[in-house]
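Order of listing sets the numbers, starting from 1, for every ligand and every atom in it. These figures come from a predicted structure and were not determined experimentally.
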Amino acid sequence: MKTKLTELLGIEYPIIQGGMAWVAEHKLAAAVSEAGGIGLIGAGGAPASFVQAEIRKAKEMTKKPFGVNLMLMNPEADDIAKVIVDEGVKVVTTGAGNPGKYMAMWKEAGIKVIPVVASSAMAKLMERAGADAVVAEGMESGGHIGSLTTMALVPQVVDAVSVPVIAAGGIGDGRGLAAALMLGAEGVQMGTRFVVAKESIVHPNYKEKLIKAKDIDSEVTGMSTGHPVRSLRNKMTKEYLRMEKEGASFEELEKLGLGALRRAVMEGDVVNGTVMAGQIAGMVNKEQTCREMIEEIMVQAERLLLNAADRCK
Ligand code: TUI
């Protein structure tokens with residue numbers, strides 16, 4: 001399948017793997033790139049030295065292009081932005097903020113810059129700053145989210161900018177990819193589905209909780225702090241929501257959330273940790289290799305798109 005995204009990045013399939021903190025490390029990124037999509041190393045809240053080591057390990061596992069996601073609230077964001085240049089990374093996506101101050105440096109280095117946005121205003125700002133494409137991420141996504149749904153956001157971003165738009169949030173199979181293309185997107189970014197990939201280093205407890213989850217099992221915490229985060233309902237989300245309702249301070253809530261994602265992903269504490277996942281959790285039913293997932297998605301999307309054309313004859 002050829003789209004503006006496959007052309008822009010020189011990849012086979014229009015699928016970007018989400019830059020999930022702790023989850024998106026070198027093995028997952030390399031596996032997605034090897035399978036014909038584009039894998040990302042998620043910087044999350046990690047130090048620059050860790051991100052650099054991850055990039056080097058990914059280079060040993062694949063000769064295909066891969067990218068780095070810079071989470072802009074990371075205290076070492078400035079250093080990570082430089083590491084991305086020094087290591088010759090080909091693609092960068094950004095999340096949870098405005099990457100404007102790094103844009104000139106990245107463009108100068110020939111890096112393809114793809115900011116994640118949650119509104120058409122932000123998309124326009126990023127296009128003016130030199131973005132090569134944007135990811136329009138709806139609130140169906142796991143992790144830190146905006147307020148619009150993918151169905152409403154994607155076509156409005158498509159109308160607002162002339163760079164390629166990649167749809168994210170609520171996409172977990174070939175139906176989602178086909179639908180995204182119908183909305184005017186040139187590809188998709190998927191996170192939740194890749195969490196249970198065979199190549200994903202996520203703790204088995206996390207994978208099991210995600211595989212068991214149904215459509216209604218995610219919850220949004222942090223509305224009151226301005227940092228809404230979607231994750232699977234558990235003791236942690238219940239406690240967080242109770243404290244928010246009782247008017248807990250920003251500091252108290254931040255303290256509760258601190259380190260909670262790492263506890264779930266690395267230690268497998270899916271009771272007191274934060275099990276970030278999107279609304280497609282109910283569609284994630286088995287572990288597969290990244291190649292199996294991507295091939296299944298592409299076959300399904302291509303069949304649907306061909307059938308859609310038939311209906312209009
Ligand atoms: O960044 C994400 N998803 C994330 S980041 C993350 S790390 C984290 N860990 C614990 C607590 C909180 C965060 C987990 N998930 N997605 C991309 C994304 N970016 N979604 C929404 C946005 C966004 C929001 C506002 C992008 C730009 C923006 O602009 C505001 C501004 O600065 O003008």
Side-chain angles (χ1 to χ4, degrees), residues 16-25 40-46 51 67-77 80 92-103 113-129 131 133-150 153-154 157 160-161 165-171 188-192 194-195 202 218-232 236-237 240 244 250-251 253-266 273-279:
I16 302 185
Q17 165 237 316
M20 303 164 282
W22 291 104
V23 176
E25 49 67 75
L40 297 184
I41 291 166
V51 178
V68 170
N69 172 268
L70 176 56
M71 204 280 285
L72 293 158
M73 294 189 287
N74 184 311
E76 293 193 21
I80 298 169
V92 62
T93 69
T94 62
N98 182 345
K101 65 172 169 170
Y102 309 124
M103 214 67 126
V113 184
I114 312 182
V116 177
V117 301
S119 69
S120 54
M122 190 69 181
K124 275 187 186 165
L125 196 66
M126 292 296 101
E127 178 179 51
R128 272 205 301 277
V134 293
V135 173
E137 190 183 277
M139 53 80 83
E140 297 93 322
S141 293
H144 177 86
I145 52 173
S147 56
L148 293 180
T149 62
T150 301
L153 176 66
V154 171
V157 171
V161 298
V165 176
I166 296 125
I171 298 166
V188 293
Q189 177 190 277
M190 293 196 325
T192 303
F194 286 123
V195 170
V202 169
S218 77
E219 195 102 74
V220 179
T221 57
M223 286 288 200
S224 67
T225 65
H227 288 150
V229 168
R230 181 180 302 283
S231 48
L232 295 182
M236 167 57 117
T237 60
Y240 200 107
E244 274 194 285
F250 182 76
E251 287 72 25
L253 291 167
E254 286 288 288
K255 207 171 129 204
L256 185 66
L258 214 64
L261 178 62
R262 195 195 64 80
R263 269 205 305 283
V265 174
M266 306 303 283
T274 301
V275 186
M276 291 185 191
Q279 289 187 331

Would you mind checking which non-hydrogen protein atom is closest to atom 28 (C) of ligand 1, with the distance to 0.1 Å? Gly97 N, 4.0 Å
Tell me, please: is Leu261 in heavy-atom contact with ligand 1, that is, under 4.0 Å? no
Looking only at protein heavy atoms, which one is nearest to atom 24 (C) of ligand 1, and how far off is it? His144 NE2, 4.2 Å
Can you find a pair of side-chain heavy atoms, one from Glu140 and one from Ser218, that are under 4.5 Å apart? no
Could you tell me if the side chain of Pro228 sits less than 4.5 Å from the side chain of Met223, heavy atoms only? yes
Contact between ligand 1 and Met122 is defined here as a heavy atom of the residue under 4.0 Å from a ligand atom; is it met? yes
Where the closest heavy atom to atom 13 (C) of ligand 1 is concerned, which of Met73, Met20, Arg230, His227 has it? Met73
Can you confirm whether Val116 sits close enough to Gln189 that some side-chain heavy atom of one is under 4.5 Å from a side-chain heavy atom of the other? yes
Atom 17 (C) of ligand 1: which of Thr274, Val117, Val116 has the nearest heavy atom? Val116
Quick one: look up the protein heavy atom nearest atom 11 (C) of ligand 1 and list residue, atom name and how far away it is. Val229 CG2, 4.0 Å
Enumerated ligand 1 atoms positioned under 4.0 Å from heavy atoms of Met276: 9 (N), 10 (C), 14 (C)
Need the ligand 1 atom indices (1-based, order shown) with element for anything under 4.0 Å from a heavy-atom of Asn98. 32 (O)
Beyond-backbone contact of Thr192 with Met276, side-chain heavy atoms, under 4.5 angstrom: no
Is Ala96 in polar range of ligand 1, meaning some N or O pair under 3.5 Å apart? yes
Geometry only, no angles: is Glu137 polar-contacting ligand 1 at N/O separations under 3.5 Å? yes
Do Met236 and Arg263 come close enough that some side-chain heavy atom pair is under 4.5 Å? yes
Below 4.5 Å, heavy atoms only, C-beta onward: do Tyr240 and Val229 meet side chain to side chain? no
Side chains of Ile80 and Tyr102: closer than 4.5 Å at any heavy-atom pair? no
State, yes or no, whether a side-chain contact exists between Glu127 and Val134 at a heavy-atom distance under 4.5 Å. no
Judged on heavy-atom distance to atom 5 (S) of ligand 1, which of Met126, Gln189, Met71, Glu254 sits nearest? Met71
